[in-house]
Amino acid sequence: MCGMPSGESTRASVHEQDQVRPTDEDRVAAAGSELIGGPLGRRALLGASWWTPVRVIALVAIGMFALGMVQKAPCYNGAWFFGASSQYTHACYSDIPHLYQGRGFADGLVPYFDKLSGDMQYLEYPVLTGLFMEVAAWLTPGSGSIQDQEQWYWMVNAGMLMACAAVLVVCVTRTHARRPWDGLLVALAPALALTATINWDLLAVALTAAAMLMWARSRPLAFGLLLGLATAAKFYPGLLLGPLLVLCWRAGRWREFGTALGGAVAAWLVVNGPVMLFAFDGWSKFYEFSHERPVDFGSFWLILAQNSDNPLSTDTVNTLAAVLMLLCCAGIAALTLMAPRRPRFAQLAFLVVAAFILTNKVYSPQYVLWLVPLAALARPKWRDFLVWQACEVAYFLGIWMYLAYTTSGDAHKGLPTDGYHWAIGVHLLGTLYLCVMVVRDVLMPERDSVRRSGDDDPSGGVLDGAEDAFVIGPAAHPARHAAAHFEGPQVEWGRTGAAGSSL
């Protein structure tokens, strides 16, 4: 009897052997694996060592994050402090050291409650991000020159953001239980390493990834609480409630959606309520700044403004951007209800955040972090992911070279305006390309790599494998010959089936 395997070890063994290996189904992943000895053998003992996928991917992410910190070394050693354009020519700019003094942290001012000197009267960040910034200020030594303090402040924030990066990749790795190695897409993303310490977006990104993991585990209340915290750190996570509403409508899962919505509202109010009550002017600054901010870097609105003799006013752009976003949301809702098979939650989450990025009047380079985990879950194909990342790296370099050009005076070192417009175009086209690929997977689910592996919606939680309760258009009359032109395993609601089965 003592030689018999335990039930727990048997389940773990089955689970490990059931994992999908990207090198088996993705040519780019298989080719890349040659750098470390080739694809993993089918007889490899996956669960027999400390090196589980989660631990490997977390260590890779920390290593890439550290390389991103090294990339900021020229700025850390002086470019942030001496010479207006050198931090741009070295492509190592960060908001973090500049805002230590610029937003009153060096003087011990309390965010939202104490007024600032200068044009910005209050901190223009959401409350949970402001708390993150304040905690980092508490941990920053107050001795030495202001340069020493700003260096320390950036380093403390970098350490805290590294923890967020580790949480992010662990959550993404665990969200699709049978596809843990898709987390490497996030860990190895060049844009993550380059932009992780520009600003504080990784806090909201990590909380959003944790929320999606909770939804995948069929825990709607935990999902709502974490999403509410994420929305208290950045606006964009709240957008995920839109596609989740339509998915739950199609599946008839109203109770779970109500629980998630209630949790999100409650968590957001717990964080924001005290500041709203006792420092409303400071609390509202983020929303006022977002509304009043003119057309800025990275958006197609900037291209229009810089090529127009009579550019649109900020109010007009706000209205048009909101209309475009609403149209995109309406299109995503129609896609959800009319698709031949209910889309996966990660697919729609990616599409709605991408729509916000594409229509918004500003695109800061660190906003790419919002999409990285969603892209890895929505379209885990190395070729498409790397094409998109190449576009984002090109934009990352383009914006800094453009700022170098505008701050170098008559020397004109860097990228002129027309060149920067091309960089914006590359970013827009790269994001649109990935959106098209995701939409194609929704319309032709037999081509979705996640579903080809035999899953329905591994990030869908209560939606995974659920029957439809409400559909319109083509979804109400699915074509049974849709899969006839596709060679490969067919699946129906997460179960491997015979070729030609209904999708």
Side-chain angles (χ1 to χ4, degrees), residues 72 75-76 79-84 87-88 92-161 195 197-204 229 231-236 268 270-297 314-315 318 360-367 403 406-407:
K72 301 294 186 290
C75 281
Y76 183 87
W80 285 330
F81 316 105
F82 309 109
Q87 60 186 332
Y88 303 132
C92 55
Y93 174 84
S94 172
D95 288 324
I96 294 173
H98 297 298
L99 295 188
Y100 177 68
Q101 185 175 29
R103 296 300 180 266
F105 295 106
D107 300 320
L109 300 183
V110 179
Y112 313 109
F113 289 85
D114 294 335
K115 275 191 173 183
L116 305 172
S117 58
D119 296 335
M120 193 68 67
Q121 292 186 327
Y122 294 99
L123 182 67
E124 74 280 21
Y125 286 84
V127 173
L128 195 60
T129 297
L131 177 60
F132 189 94
M133 300 162 73
E134 178 73 350
V135 170
W138 294 341
L139 298 175
T140 299
S143 59
S145 66
I146 188 62
Q147 177 180 333
D148 293 335
Q149 294 178 44
E150 289 178 349
Q151 288 174 321
W152 268 110
Y153 187 63
W154 179 83
M155 190 64 71
V156 169
N157 274 280
M160 295 168 65
L161 291 170
T195 65
T197 58
I198 290 179
N199 203 277
W200 293 270
D201 293 62
L202 263 181
L203 171 62
L229 292 176
T231 309
K234 206 74 179 179
F235 170 78
Y236 89 90
W268 187 89
V270 166
V271 174
N272 286 271
V275 185
M276 290 173 63
L277 289 174
F278 299 108
F280 183 81
D281 289 342
W283 172 83
S284 62
K285 185 61 182 178
F286 165 69
Y287 302 96
E288 292 176 1
F289 175 74
S290 299
H291 182 265
E292 297 170 356
R293 186 176 187 176
V295 170
D296 213 333
F297 300 117
T314 300
D315 287 340
N318 287 339
N360 200 22
K361 62 184 176 181
V362 58
Y363 178 73
S364 298
Q366 73 273 9
Y367 289 2
L403 288 171
T406 59
T407 57

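What you see is a predicted model; the values in this text were computed from it and never measured.
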If you count every heavy atom of other residues, nucleotides or ligands that lies below 6.0 Å from [X] atom [atom1], does the total exceed 12?
{"X": "Tyr287", "atom1": "OH", "answer": "yes"}
{"X": "Gln101", "atom1": "CD", "answer": "no"}
{"X": "Phe235", "atom1": "CZ", "answer": "no"}

Listed partners of Glu134 passing salt bridge (Lys or Arg N to Asp or Glu O under 4.0 Å), at least two apart: none

Residues forming a salt bridge (Lys or Arg N to Asp or Glu O under 4.0 Å) with Asp296, sequence neighbours excluded: Arg293

For [X], side-chain hydrogen bond (donor to acceptor under 3.5 Å, both in side chains) partners two or more places apart:
{"X": "Tyr100", "result": "Gln149"}
{"X": "Glu150", "result": "none"}
{"X": "Trp154", "result": "none"}

Measure the spacing between [atom1] of [X] and [atom2] of [Y] and express it to the nearest 0.5 Å.
{"X": "Asp95", "Y": "Trp200", "atom1": "CG", "atom2": "CH2", "result": "6.0 Å"}
{"X": "Glu288", "Y": "Asp281", "atom1": "CD", "atom2": "CG", "result": "7.5 Å"}
{"X": "Leu403", "Y": "Tyr93", "atom1": "CG", "atom2": "OH", "result": "9.0 Å"}
{"X": "Ile96", "Y": "Met133", "atom1": "CD1", "atom2": "CE", "result": "8.5 Å"}
{"X": "Tyr153", "Y": "Thr140", "atom1": "OH", "atom2": "OG1", "result": "6.5 Å"}

Close side-chain approach of Asn318 and Lys361, heavy atoms under 4.5 Å: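 Yes. Closest side-chain heavy atoms under 4.5 Å.
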
CA sep, side-chain torsions, deciding dist, call: Gln366, Thr197, side chain to side chain contact (heavy atoms under 4.5 Å, CB included): CA-CA 8 Å; Gln366 73 273 9; Thr197 58; over 6 Å; no

Closest non-hydrogen atom pair, [X] against [Y]:
{"X": "Glu292", "Y": "Thr314", "result": "O-CG2, 3.8 Å"}
{"X": "Asn157", "Y": "Ala136", "result": "ND2-CB, 3.4 Å"}
{"X": "Ser94", "Y": "Trp80", "result": "N-NE1, 3.6 Å"}
{"X": "Gln151", "Y": "Tyr76", "result": "NE2-O, 2.7 Å"}
{"X": "Leu229", "Y": "Val271", "result": "CD2-CG2, 3.6 Å"}
{"X": "Leu116", "Y": "Gly102", "result": "CD1-O, 4.4 Å"}

Ser364 side chain to Tyr367 backbone, donor-acceptor under 3.5 Å: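 Here the side-chain-to-backbone pair does not exist.
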
Distance-only side-chain donor-acceptor flag, Tyr112 / Asp114, under 3.5 Å: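 No, no side-chain donor-acceptor contact under 3.5 Å.
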
What side-chain donor-acceptor pairs closer than 3.5 Å can you find for residues 120-132, not counting sequence neighbours?
residue: Glu124; atom: OE1; partner: Arg103; partner atom: NE; Å: 2.8
residue: Glu124; atom: OE2; partner: Arg103; partner atom: NE; Å: 3.3
residue: Glu124; atom: OE2; partner: Arg103; partner atom: NH2; Å: 2.9
residue: Tyr125; atom: OH; partner: Asn199; partner atom: ND2; Å: 2.9
residue: Thr129; atom: OG1; partner: Ala233; partner atom: O; Å: 2.5

